[in-house]
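Take a look at the structure set out below.
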Amino acid sequence: MSLWVDKYRPKTLDQLSFHDSISQNLRALARSGDFPHLLIYGPSGAGKKTRIYATLNEIFGSQVEKLKIDVKTFVTSSNRKMEFNVLSSAYHLEITPSDMGNNDRVVISDLLKDVASTEQVDFSHQNTSKTKHRFKVVVINEADSLSRDAQAALRRTMEKYSSNIRLILVCNSISNIIPPIKSRTLLVRIPSPSTTAISSILGQVAKKEGIKFSSSNELDIQKYLVTLADTANRNLRKALLSFETVAMQNETIQLDNKTLTIVTLDWEEIIKNMSNTIRINRNVATLASVRVVLYELLAHCIPPRIILKTLMFNLIKNFKDDAVISQLVDLGSVFDERLSLGSKSIFHLEGFVAKSMVVIDSN
Amino acid sequence: MTAEQVLSTIPDADLPEDVEDKKFNFFAKKAADASTGTGESVQIPEAQPNCLSGLTIVFTGVLPRLDRDTSENLAKRYGAKVTKSISGKTSLVVIGDEAGPSKIKKIKSLHIKAINEDGFIQLLQSMPMEGGDGAAAQKAKLKREEEERKIVEEAEEEERRAQEEEARQKRLLEARKAASIEKASHSQSSHREPAEVPRIIPDSEKLWTVKYAPSRIDQLCGNKGQVQKLQNWLSNWFDNAKKDFKVPGRDGSGIYRACLISGPPGIGKTSAAHLVAKSLGFDILEKNASDVRSKSLLNSNLKSVLTNTSVVGFFKHRDENIQHTQNDRRFCLIMDEVDGMSSGDHGGAGALSAFCKITHMPMILICNDKSLPKMRTFDRVTLDLPFRRPSEAEMKSRLMSIALREKIKLDPTVIGQLVQATGNDIRQIINLLSTVSKTQSSIGGEQAKDAANSWKKQTVLKPFDITARLLNAQIYSPNAKHSLNDKIDLYFNDIDFAPLMIQENYLSTRPSDARTPQDHLRRVANAADDISESDRINSLIRSSEQQWSLLPFHGVMSSVKPSSQVAGQISQRINFAGWLGQNSKAMKYQRMLQDLQYHTRLRTSTDKKELRLDYLPTLRQRLTEPLLQGEEQGIQPVIDIMDYYYLTKEDWDNIVDLGVGRYKGELVLKGISTKTKSAFTRSYNSTTHPIAIYKTGNSVGAMVSSKKNVDYEDVIEDDTNTPDKDDEEVDPDKIDSKKDKLIKEVKPKKTARKAKAAPKGRKK
Ligand SMILES: Nc1ncnc2c1ncn2[C@@H]1O[C@H](COP(=O)(O)OP(=O)(O)O)[C@@H](O)[C@H]1O
Ligand SMILES: Nc1ncnc2c1ncn2[C@@H]1O[C@H](COP(=O)(O)OP(=O)(O)O)[C@@H](O)[C@H]1O
């Protein structure tokens with residue numbers, strides 16, 4: 001039993017539904033026998049990972065779905081032992097640099113060296129049909145969070161081991177990727193799927209799961225699914241997940257009842273309430289109570305920048321006056337920068353709340 | 001000139017005719033204050049030493065410019081006696097705004113001289129040294145001289161005793177040495193070393209705080225009442241034990257098996273506990289609670305101790321043949337720094353308080369701050385003995401006698417300044433004296449003030465004091481003679497805590513010149529802005545760039561500037577920096593999330609952030625809804641999902657725990673009936689489940705063998721299936737094989753797959 005997102009995740013390039021031209025290009029690359037380093041970027045829930053795995057599937061066959069997790073131990077320069085997990089199949093491995101903390105440079109270069117040198121052994125062992133690809137693929141998630149050092153090291157490794165390693169870097173935005181890496185990789189942008197693409201995927205899932213709607217009118221259903229895609233910000237994963245939640249909560253989905261059929265996630269709801277309090281009661285006592293809520297959110301792993309962003313959008317929704325909106329957005333960007341440069345998130349979130357109370361007050 | 005003469009030159013303050021009980025309006029008052037042009041502070045005059053001697057002064061109401069503490073300290077510093085209530089002995093009343101009506105009535109009926117703040121300052125300026133030559137002043141002087149004489153006597157007495165003690169020790173040592181030598185010579189074996197003789201440290205090498213640690217109960221300064229209470233409680237302990245701690249007794253202490261002494265550091269809490277226990281003939285077991293941080297450690301540590309019998313009691317019993325029924329248990333357990341324990345783990349305090357309910361020996365707990373939330377668990381199980389800082393008067397004689405014995409001349413008035421500088425911390429004062437005595441042989445007169453000032457700098461302020469001072473409006477007033485550097489110094493007292501403490505408490509002040517709530521908010525917002533900016537500076541300092549030269553700037557932005565915005569009256573208790581606790585809580589949840597991601601990674605395609613934001617709400621729904629609605633029918637579907645995502649039961653708990661708001665862990669758990677919950681746990685534990693992560697790589701022997709166990713179990717579980725041949729073959733040579741890597745690549749995959757098959761097979 002699994003969630004729909006995982007249950008209905010396409011496995012091969014043929015099953016992929018949207019962005020057909022990208023799929024075709026990937027297929028062509030996979031078949032060519034040689035394969036460049038890839039830098040795949042785009043918003044989350046756009047289907048990057050799905051596409052990568054479909055491509056790997058095309059190259060190596062279904063063996064790549066046989067995943068396992070290894071715990072690797074590394075000794076850092078300061079002689080501290082460190083463990084981190086590597087997801088791998090016989091043909092590829094997948095790493096996430098944020099798991100490694102500040103040591104990402106050492107870890108990555110060691111790991112790649114390791115892969116490059118052990119790879120021959122592996123292949124002499126496995127005399128299967130697919131040996132025409134004499135390289136192993138290393139997928140690096142969240143490549144934009146790699147430190148500069150690590151990126152520089154990566155660039156050297158890319159050339160040194162190009163005979164037997166191919167890298168696939170995955171990230172949301174390439175602004176943090178250093179140019180030498182960009183120039184050594186094939187950039188593939190995967191934009192968010194359109195709302196219609198999402199709604200048709202949702203529709204197929206609904207059919208397969210036998211979901212009941214209050215009306216059988218295709219158009220109504222279509223319209224509802226489009227709103228669902230919209231509220232999920234065209235994030236396919238989010239859309240699928242919230243669709244499943246709705247389906248679980250309602251035996252029959254009432255198409256005309258928005259409150260029952262649009263999901264607000266636990267944390268979204270809290271931020272929404274917070275923004276209402278800020279709008280109505282602007283004083284120091286409110287600020288003190290907001291602090292408690294902010295701490296609660298931060299403790300429960302809601303990233304501070306997400307809190308800031310969601311809060312700001314919730315706040316500006318309440319205003320028609322462009323002056324207020326622009327000032328609030330201004331504040332949002334200032335504190336967003338501080339969030340990324342500082343280390344104590346609560347300081348900045350509280351600063352934003354306090355400042356925006358004053359802005360609202362003085363307009 | 002006498003005090004009466006001086007007082008007659010000072011105009012009477014006008015006493016309000018009849019004062020209604022007005023409701024105090026904060027903002028209205030602020031506005032009024034501001035309009036009458038306060039804010040500028042007074043020049044406190046330099047008065048003659050001891051000039052207020054012999055006067056008994058009462059301060060009442062709010063003085064316009066001096067705050068209560070300053071004015072009272074001022075009066076005390078110059079030798080006046082400050083009392084709280086007006087009586088016939090009161091020589092004058094300094095009256096401010098909003099004085100209580102009853103006080104005013106009393107002043108009128110007793111015909112006591114009442115002056116206002118200006119009058120008080122005038123008084124300071126004009127009083128002669130030693131309070132002039134009025135009768136009261138003379139009497140006070142005599143009394144003081146008498147006191148000093150007594151101190152000298154006491155000190156001499158003590159000195160004598162100390163010398164005797166030392167001599168006795170020496171004799172003892174000598175005797176023992178002689179004995180051991182004799183013994184050595186008696187026994188013919190020539191290579192035997194003389195038995196180890198315990199070294200007795202001569203007094204002169206000891207720290208002063210040790211050397212002058214109170215050795216008798218009456219040497220403890222202050223807190224006499226509490227010490228008495230402690231004594232009563234401890235001496236009646238075994239009688240109370242006989243009554244099973246059911247009878248409260250005269251002072252209500254009979255129902256407690258443990259007591260909790262609380263109070264600031266260096267005021268003799270530990271000393272008191274030891275002295276009282278010793279004087280009642282207890283054997284003392286001392287534990288520093290900070291050492292036993294976790295619950296389990298505490299359990300094992302205390303359990304053994306609590307069933308101990310006292311060695312002293314044991315021997316007494318035999319030697320003296322006295323039938324003490326409980327004598328074999330004359331043990332007293334002292335736990336120091338209870339609030340220091342369990343900073344990482346709340347179980348500790350809870351476990352300790354559980355011990356307090358069942359202990360078979362008296363327990364004395366000692367802590368600094370009883371008001372911390374985690375200390376609340378001790379509330380009803382311990383006898384509460386709050387210790388206060390001993391006042392100047394209470395420690396004067398002790399300090400003087402120390403000074404005498406060390407042959408330093410200590411001017412009694414300096415003590416007042418010392419007491420102020422250290423915040424009534426005797427330990428610190430003694431330490432200071434000891435440091436100073438190395439360079440100076442007399443302290444007093446002219447140097448007193450300098451010395452006190454420089455000592456003030458030497459004493460390290462506690463985070464609470466830093467916060468209290470920074471958030472107090474006074475240091476920002478133009479007359480405060482408190483330069484920016486002084487303020488930055490406050491920050492440097494504790495560069496880690498000061499910013500955190502300011503951030504925690506800056507919302508709870510009433511800024512002195514904010515007239516409207518909007519104004520207040522604006523100030524708070526500015527402060528918040530500064531604090532936020534200071535975090536960036538902090539990052540520059542602490543990051544790899546290590547720009548330590550930015551520290552003063554950080555001090556300004558994180559502490560001084562925000563405090564200057566909101567400084568005023570502190571309207572609540574100063575709280576301890578909450579950030580630390582919140583941060584460690586966040587780290588804990590981050591680790592939980594990390595584990596969840598590792599476990600689910602084989603099935604999902606998302607990172608940590610999105611796992612929490614998007615996946616978990618739905619996953620939680622799938623993992624709890626069946627239990628909420630289907631009760632026990634829901635268990636199997638939930639376990640199926642868990643197995644698919646390689647989630648353990650602990651992960652299940654964590655996923656529920658990660659919810660917020662409407663889906664807060666506790667709320668969700670409340671909805672599931674206890675029966676279902678335990679059935680769920682039972683049926684989860686009764687089957688095996690797939691595991692996602694295996695250790696490989698350069699792992700050491702221990703890991704390999706534990707891994708083998710896992711495999712082995714799986715093979716057994718799986719005996720319905722035909723066992724894999726190659727599986728069996730691989731196993732034996734696995735442990736020491738150098739080809740580790742290859743084998744392992746094959747292995748875990750297989751077990752994972754098989755384990756997954758196992759529960760499915762069982763589920764008919
Ligand atoms: N082409 C597609 N057709 C159907 N579903 C898809 C497609 N691409 C992605 N999905 C669904 O969207 C989810 C998120 O995709 P994923 O590749 O993980 O996004 P990203 O890596 O961009 O964050 C997947 O779990 C899958 O269920
Ligand atoms: N009330 C007191 N009377 C005399 N000396 C004291 C007193 N309080 C503290 N001291 C001195 O300070 C030292 C430390 O006291 P201690 O009992 O350890 O304080 P606490 O436990 O309150 O932190 C003692 O050894 C003693 O020299």
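Naming: A, B, ... by sequence-line order, numbering from 1 per chain. Since the structure is predicted, the reported quantities are computational estimates derived from the model, not experimental observations.
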Can you sort out the partners of A:K7 under salt bridge (Lys or Arg N to Asp or Glu O under 4.0 Å), two or more places apart, ordered by chain and number? A:E209

Could you tell me which portion of A:R9 (side chain, backbone, both or neither) has an atom closer than 4.5 angstrom to a non-hydrogen atom of chain B? side chain

Side chain, backbone, both or neither: which part of B:T606 has an atom under 4.5 Å from a heavy atom of chain A? both

Which of A:E269, A:R237, A:M357, A:K238 touches chain B most, by non-hydrogen pairs under 4.5 Å: A:R237

Chain B contact via A:F335 - side chain, backbone, both or neither, heavy atoms under 4.5 Å: side chain

Euclidean distance, A:L3 CG relative to B:L623 CG, rounded to 0.5 Å: 8.0 Å

Proximal component of A:L287, with respect to chain B [non-hydrogen, under 4.5 Å]: both

Just so I understand: if I count every heavy-atom pair under 4.5 Å between each of A:V5, A:V353, A:V284, A:T50 and chain B, which residue has the most? A:V284

May I ask you to check whether B:N583 and A:Y295 show a side-chain donor-acceptor distance below 3.5 Å? no

When only pairs under 4.5 Å are counted, which of A:E268, A:K48, A:K49 shares the most heavy-atom pairs with chain B? A:K49

With no hydrogens and no angle check, do the side chains of A:E244 and B:T618 hold a donor and an acceptor under 3.5 Å apart? no

Assess the side chains of B:Y645 and A:D6: does a donor N or O sit below 3.5 Å from an acceptor N or O? yes

Closest contact, heavy atoms only, A:L297 versus B:V660: CD2-CG2, 4.2 Å

Please report the C-alpha distance between B:L500 and A:K344 in whole Å, then the side-chain angles of each, then the deciding distance to 0.1 Å, and finally whether the side-chain contact (heavy atoms from CB on, under 4.5 Å) criterion is met. CA-CA 10 Å; B:L500 292 176; A:K344 303 196 176 73; 3.9 Å; yes

Value for OG (A:S289) from CG (B:L507), rounded to nearest 0.5 Å, stands at 10.0 Å

Chain A: which of B:R522, B:Q503, B:R536 shares the most heavy-atom pairs with it under 4.5 Å? B:Q503

Most contacts with chain A, counted as non-hydrogen pairs under 4.5 angstrom, among B:V524, B:D657, B:T604: B:T604

Using non-hydrogen atoms only, which part of A:E337 is less than 4.5 Å away from chain B: side chain, backbone, both, or neither? side chain

Region of A:N283 that comes under 4.5 Å of a non-hydrogen atom in chain B: backbone

Exactly one candidate in A:E350, A:K355, A:H348 meets side-chain hydrogen bond (donor to acceptor under 3.5 Å, both in side chains) with B:S532; the answer is A:H348

Tell me, for B:E533 versus chain A, whether the close heavy atoms (under 4.5 Å) come from the side chain, the backbone, both or neither. both

When rounded to the nearest 0.5 Å, the distance separating SG of A:C301 from CG of B:L616 is 9.0 Å

Part of A:L298 within contact of chain B (heavy atom distance under 4.5 Å): backbone

Could you tell me whether a side-chain N or O of A:W267 sits under 3.5 Å from a main-chain N or O of B:L613, the two making a donor and an acceptor? yes

Lys/Arg-Asp/Glu bridge criterion (N-O < 4.0 Å) met for B:D529, A:R338: yes

Take atom CE of B:M587 as the centre, draw a 6.0 Å sphere, and report whether it contains more than 12 heavy atoms from other residues, nucleotides or ligands. no

Part of B:Q590 within contact of chain A (heavy atom distance under 4.5 Å): both

Is it true that the side chains of A:T96 and B:R601 contain a donor and an acceptor less than 3.5 Å apart? yes

Could you check which of A:G351, A:A288, A:P303 has the highest count of heavy-atom pairs closer than 4.5 Å to chain B? A:P303

Taken to the nearest 0.5 Å, the spacing of B:Y615 OH from A:L241 CG works out to 6.0 Å

Just give me the residue among A:I302, A:T286, A:L240, A:N141 that pairs up with chain B most often, heavy atom to heavy atom, under 4.5 Å. A:I302

The interface call for A:N235 against chain B, heavy-atom contacts under 4.5 Å, is side chain

To the nearest 0.5 Å, how far apart are NZ in A:K68 and CG in B:L602? 10.0 Å

Can you tell me which portion of A:L349 sits under 4.5 Å from chain B's heavy atoms? Options are side chain, backbone, both or neither. neither

Less than 4.0 Å between a side-chain N and a carboxylate O, is that true for A:E296 and B:K664? yes

Taking A:S343's backbone N and O only, do any of them form a donor-acceptor pair with B:D535's side chain (distance below 3.5 Å, no angle check)? yes

Minimum-distance pair of heavy atoms, taken over all atoms of B:S539 and A:G342: OG-CA, 3.3 Å

Criterion side-chain contact (heavy atoms from CB on, under 4.5 Å) on B:H599 and A:I69, from CA distance to verdict: CA-CA 9 Å; B:H599 294 171; A:I69 295 175; over 6 Å; no

Is B:R620 in contact with chain A via its backbone, its side chain, both, or neither, using a 4.5 Å heavy-atom distance? side chain

Rounding to 0.5 Å, atoms CD (B:Q582) and CD1 (A:I346) come to a distance of 7.5 Å

Tell me which of these, A:V358, A:D266, A:L339, has more heavy-atom pairs under 4.5 Å with chain B than the rest. A:D266

Checking B:L658 against chain A: side chain, backbone, both or neither under 4.5 Å from a heavy atom? both

Taking every non-hydrogen atom, the tightest pair across A:A354 and B:A528: CB-CB, 3.9 Å

